Amino acid sequence: MKITVLGKSPAWQDADGACSGYLVEEEGACLLLDCGNGVFSKLRRYRDYVAVDAVVISHLHADHFLDLVPFAYALLYAPRQQSVPVASWPGTDSPARPKLYAPRGAAETFRRVVGAWGSEDLIERAFDLVEYGPDVTLDVGTLRIAFHEVPHFTTTYAVGISSTNGGGRVTYGADSGPNDALVRFADGADLLIIEATLPRPEHEGPRGHLTPGEAGEHGARARVGRLVITHISDELDERWAQAEAEKAFGAPVLVAHEGAVYTV
Ligand SMILES: [Zn+2]
Ligand SMILES: [Zn+2]
């Protein structure tokens, strides 16, 4: 299984960057994990968008789903997706309509967002939308996907991806505050991709994000093989973040960069 970082910014993009998006590929399976603002453009660098089998959304925050909008426009209006010849495209009887797995309530959220300016069912027309709940398992080609709820400011799921083809197991923590659920869910994974958003813990209110040190500690408790910290702004010192995470993890830690590829 190959994971390519398409975007790793938190809610505001790095210079030339994109918010959360990870391309997960294995022979016969192509999955886009989160589709935050900026991700569709990055996706096009690495993979033809009509080849994406499924998109999985971890939670309904803008930085994890907003680029479903341009992706939907491409699927519905690109010349290559039309049934009749347009320009140099020959026309197709089977336009791509990827699966879209998103948390319960997603259809209503998408309708409210897109309905602000256009036909509110844009995303549902472009994708085959399936809403999922807690502790669901589904298959995309040879990839088995599992979900587990983690604490954040809205209903949010960590995503476990394992290969039924002899490949490894990856856990993506999505966004979360400190918690035991993610530690249990990620236990023994070959790779954990975990957010490390904060330079210091939130001063007040419920916790919704992690510091790099906390991310490293979660990785150590989950006894994962490799740890990647992500969702870090380019306005923070990544060497500081890496050192903090490594101190807690007790081993080298990778900091996600756009274009980075991890093989498990
Ligand atoms: Zn986020
Ligand atoms: Zn979030």
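In this chain, residues are counted from 1 in sequence order. In each ligand, atom 1 is the first atom listed, and ligand 1 is the first ligand listed. If you're wondering where the values come from, they're calculated on a predicted model, not measured in any experiment.
With a 6.0 Å cutoff to the six-membered ring centre and a 45° limit on the axis angle, R80 counts as a cation-pi contact of Y49.
Computed with the Zn ion (ligand 2) at the centre, the H59 NE2 to H152 NE2 angle is 100°, stated to 10 degrees. Between OD2 of D63 and NE2 of H231, the angle at the Zn ion (ligand 1) works out to 100°, rounded to 10 degrees.
When distances from the Zn ion (ligand 2) to the N, O or S atoms of H61 are compared, ND1 comes out shortest. When the N, O or S atoms of D175 are ranked by distance to the Zn ion (ligand 2), OD2 comes first.
Between Y101 and F147, the ring centre distance reaches or exceeds 6.0 Å. Taking the six-membered ring where the residue is Trp, the centroids of H152 and Y157 are separated by 6.0 Å or more. A distance below 6.0 Å separates the ring centres of H64 and H231.
Taking backbone and side-chain atoms together, H64 has no N/O/S atom less than 2.8 Å away from the Zn ion (ligand 2).
Atoms OH and OG, from Y172 and S58 in turn, are 4.5 Å apart once rounded to the nearest 0.5 Å.
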